[in-house]
Student: 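Sending over a structure as structure tokens; questions will come in a sec.
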Amino acid sequence: MRVALCQIPVNPSPDVNHKRVEEALREAASAGADLAVLPEATQARFGSDLRAIAEPVSSGAFCRGLSELARETNVALVAGVFEPAPDGRVYNTAVAYDRRGTLVAAYRKLHLYDALGVRESEEVAPGDTPVTCELAGATVGLEICYDVRFPELSRALAIGGARLITVSAAWASGLFKEEHWVTLLRARAIENTVWIAASGQVPDPGAPPTRAPTGVGRSMLIDPLGVVRADLGPSPAVVVAEADLSLVDTVRETLPSLANRRDDVFG
């Protein structure tokens with residue numbers, strides 16, 4: 001599978017972001033990508049009026065645009081959007097479209113970033129279900145940003161059949177935060193012997209300043225042994241790299257850590 005990491009700056013305007021997604025997907029398609037992974041909150045950056053922007057994934061204009069772009073470019077994609085929640089908040093959602101433009105999954109972020117002085121839960125309602133789906137001929141698990149700090153989610157996705165896990169993020173800057181990001185991503189790959197495709201936002205210098213997270217970049221493709229196959233650094237970029245999914249089987253034959261789990265002890 002050829003995976004495109006689409007590290008784009010995210011603007012408060014969904015229309016601006018749609019154009020950036022289109023540019024990134026066309027670049028990914030020209031490089032032969034099968035799957036494109038876009039950041040958390042691709043629809044609009046944090047610090048925007050998320051309730052006003054939120055829309056149903058089945059009928060909203062931004063999601064329809066994602067569907068059309070997947071179909072036009074023949075590239076499956078995962079991207080972050082916001083949808084209305086029943087309690088007046090929004091869901092922070094990763095939507096997945098296959099190369100025909102069909103919505104195959106919508107994952108609502110389980111773990112809300114109520115940490116380091118930020119209260120995501122004031123605006124965002126939590127989801128309640130881990131999600132895997134079929135994309136580009138593989139079983140893929142979906143995660144969003146802060147989720148990567150919770151190893152039980154990645155383990156559940158791997159046990160559920162995921163051979164690649166996408167992590168869409170707007171990772172906040174801060175002391176040791178980049179080190180945490182890289183370490184956590186590599187750990188999730190190693191302990192579950194899966195590929196990790198993580199795509200993060202970078203700040204948009206043309207947008208007004210905000211105290212909300214705008215991302216540090218560092219999008220990464222990591223193999224099942226924890227080797228970083230691509231690292232996009234801090235600037236906007238689209239990189240397409242090969243994720244050989246047969247490596248999952250090869251690694252698990254010689255390093256069967258999933259098979260050696262002690263369910264009789266830990267459940």
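For clarity, every value in this text was computed on a predicted model and none was experimentally measured. Below, each value reflects all heavy atoms present in this structure, side chains not excepted, and no hydrogens, waters or symmetry copies. Along the sequence shown, residues carry numbers from 1.
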Student: Mark yes or no for whether N17, through its side chain, and S13, through its backbone, hold a donor-acceptor pair below 3.5 Å.
Tutor: yes
Student: Considering residues at least two apart in sequence or located in another chain, which fulfil the salt bridge (Lys or Arg N to Asp or Glu O under 4.0 Å) criterion with D231?
Tutor: R218
Student: Would I196 end up clustered with V248 when hydrophobic side chains under 4.5 Å apart are linked, directly or stepwise?
Tutor: yes
Student: Which atoms form the tightest heavy-atom contact between L245 and A138, and what is the distance?
Tutor: CD1-CB, 3.3 Å
Student: How would you list all residue pairs meeting salt bridge (charged side-chain N to carboxylate O under 4.0 Å, His left out) that involve residues 109-118, not counting sequence neighbours?
Tutor: E40-K109, K109-E120, D114-R119
Student: Using atom types as modelled and distance alone, determine if a side-chain donor or acceptor of E83 lies under 3.5 Å from a backbone N or O of G60.
Tutor: no
Student: Look only at the side chain of R89 and the backbone of S121, and say whether a donor-acceptor pair between them is shorter than 3.5 Å.
Tutor: yes
Student: Do V21 and L103 belong to the same hydrophobic cluster, where Ile, Leu, Val, Met, Phe, Trp and Tyr are linked whenever their side-chain heavy atoms lie under 4.5 Å apart, directly or via other members?
Tutor: yes
Student: Would you say E55's side chain and C63's backbone share a donor-acceptor pair under 3.5 angstrom?
Tutor: yes
Student: With sequence neighbours excluded, tell me which residues meet side chain to side chain contact (heavy atoms under 4.5 Å, CB included) with S199.
Tutor: V37, P39, S219
Student: In this structure, would M220 and M1 fall into the same cluster of hydrophobic residues linked by side-chain contacts under 4.5 Å?
Tutor: yes
Student: Tell me, which pairs form a salt bridge (charged side-chain N to carboxylate O under 4.0 Å, His left out) where one or both residues lie in residues 256-267, sequence neighbours left out?
Tutor: R261-D263, R262-D264
Student: Using side-chain contact (heavy atoms from CB on, under 4.5 Å) as the criterion, point out the one residue from I222, I165, L247 that pairs with W195.
Tutor: L247
Student: To the nearest 0.5 angstrom, please state how far the CZ atom of R186 sits from the CG atom of D223.
Tutor: 9.0 Å
Student: Can you sort out the partners of R2 under side chain to side chain contact (heavy atoms under 4.5 Å, CB included), two or more places apart, ordered by chain and number?
Tutor: D34, V240, E242
Student: Got a second to check how far L38's CG is from R20's CZ, nearest 0.5 Å?
Tutor: 13.0 Å
Student: Measuring from E123:CD to D49:CG, what's the distance to the nearest 0.5 Å?
Tutor: 7.5 Å
Student: Search all heavy atoms of P12 against all heavy atoms of I53 and return the closest pair with its distance.
Tutor: O-CD1, 4.1 Å
Student: Going by the salt bridge (charged side-chain N to carboxylate O under 4.0 Å, His left out) test, which pairs reach into residues 58-82, not counting sequence neighbours?
Tutor: R26-E72
Student: As a test of understanding, state which of T73, V238, N74 forms a side-chain contact (heavy atoms from CB on, under 4.5 Å) with L25.
Tutor: T73
Student: Using atom types as modelled and distance alone, determine if a side-chain donor or acceptor of D204 lies under 3.5 Å from a backbone N or O of P9.
Tutor: no
Student: Going through the checks in order, is the side-chain contact (heavy atoms from CB on, under 4.5 Å) test met by Y97 and L69?
Tutor: CA-CA 10 Å; Y97 293 88; L69 288 172; over 6 Å; no
Student: Can you tell me how far OG1 of T166 sits from CG of L221, rounded to the nearest 0.5 angstrom?
Tutor: 11.5 Å
Student: Compare every heavy atom of V167 with every heavy atom of C145, then report the nearest pair and how far apart it is.
Tutor: N-CG1, 3.9 Å
Student: Return the CD1 to OG distance between I159 and S154, rounded to the nearest 0.5 Å.
Tutor: 11.5 Å
Student: Using only atom types and a distance under 3.5 Å, with no angle test, would you say the side chain of E178 pairs donor to acceptor with the backbone of V216?
Tutor: no
Student: When you measure from the side chain of R99 to the backbone of L135, do you find a donor-acceptor pair of N or O atoms at a distance under 3.5 Å?
Tutor: no
Student: Kindly say whether A243 contributes a backbone atom to a donor-acceptor pair with the side chain of R229 at under 3.5 angstrom?
Tutor: no
Student: Would you say I144 and V3 are hydrophobically clustered, going by side-chain heavy atoms of ILVMFWY under 4.5 Å?
Tutor: yes
Student: Could you tell me which residues satisfy side-chain hydrogen bond (donor to acceptor under 3.5 Å, both in side chains) with S246, sequence neighbours excluded, listed by chain and number?
Tutor: D244
Student: Which residue pairs pass the salt bridge (charged side-chain N to carboxylate O under 4.0 Å, His left out) test with at least one member in residues 151-177, sequence neighbours excluded?
Tutor: R163-D249
Student: Whether the side chain of Q7 engages the backbone of V202 through a donor-acceptor N/O pair (distance < 3.5 Å, no angle test) should be reported.
Tutor: no
Student: Can you sort out the partners of T139 under side-chain hydrogen bond (donor to acceptor under 3.5 Å, both in side chains), two or more places apart, ordered by chain and number?
Tutor: E134
Student: Which heavy-atom pair separates L142 from L157 by the least distance, and what is that distance?
Tutor: O-CD1, 3.8 Å
Student: Applying side chain to side chain contact (heavy atoms under 4.5 Å, CB included), can you list everything that pairs with I190, at least two apart in sequence or on another chain?
Tutor: none
Student: Taking it one step at a time, do V81 and L66 satisfy side-chain contact (heavy atoms from CB on, under 4.5 Å)?
Tutor: CA-CA 10 Å; V81 301; L66 293 176; 4.1 Å; yes
Student: Which heavy atom of A237 sits nearest a heavy atom of L232, and at what distance?
Tutor: O-CD2, 3.8 Å
Student: With rounding to the nearest 0.5 angstrom, report the CG to CZ distance, L185 to R188.
Tutor: 8.5 Å
Student: Where does the angle between the aromatic ring planes of F150 and H111 fall among parallel (under 30°), tilted (30 to 60°) and perpendicular (over 60°)?
Tutor: parallel
Student: Looking at E179, is its backbone amide N or carbonyl O close enough to the side chain of T183 to form a donor-acceptor pair, meaning the two atoms are under 3.5 Å apart?
Tutor: yes
Student: Among W181, F46, Y113, find the one that has a ring-ring contact (aromatic ring centres under 6.0 Å, His included) with W171.
Tutor: W181
Student: Is V239 reachable from V228 through a run of I, L, V, M, F, W or Y residues, each pair having side-chain heavy atoms under 4.5 Å apart?
Tutor: yes
Student: Transitive ILVMFWY cluster of F266 at side-chain heavy atoms under 4.5 Å: who else is in it?
Tutor: V265
Student: Any side-chain donor-acceptor pair under 3.5 Å between R45 and T214?
Tutor: no
Student: So which heavy atom on V90 is nearest to which on L50, and how close?
Tutor: CG1-O, 3.7 Å
Student: Please evaluate residues R149 and L184 with respect to the criterion side-chain contact (heavy atoms from CB on, under 4.5 Å), reporting the C-alpha separation (whole Å), side-chain torsions for both, the decisive distance (0.1 Å), and the verdict.
Tutor: CA-CA 7 Å; R149 290 189 181 271; L184 289 163; 3.6 Å; yes
Student: Would you check, one step at a time, whether the test side-chain contact (heavy atoms from CB on, under 4.5 Å) holds for R252 with V194?
Tutor: CA-CA 9 Å; R252 289 178 180 178; V194 295; 3.4 Å; yes
Student: Sequence neighbours excluded, which residues qualify as side-chain hydrogen bond (donor to acceptor under 3.5 Å, both in side chains) partners of Y107?
Tutor: D147
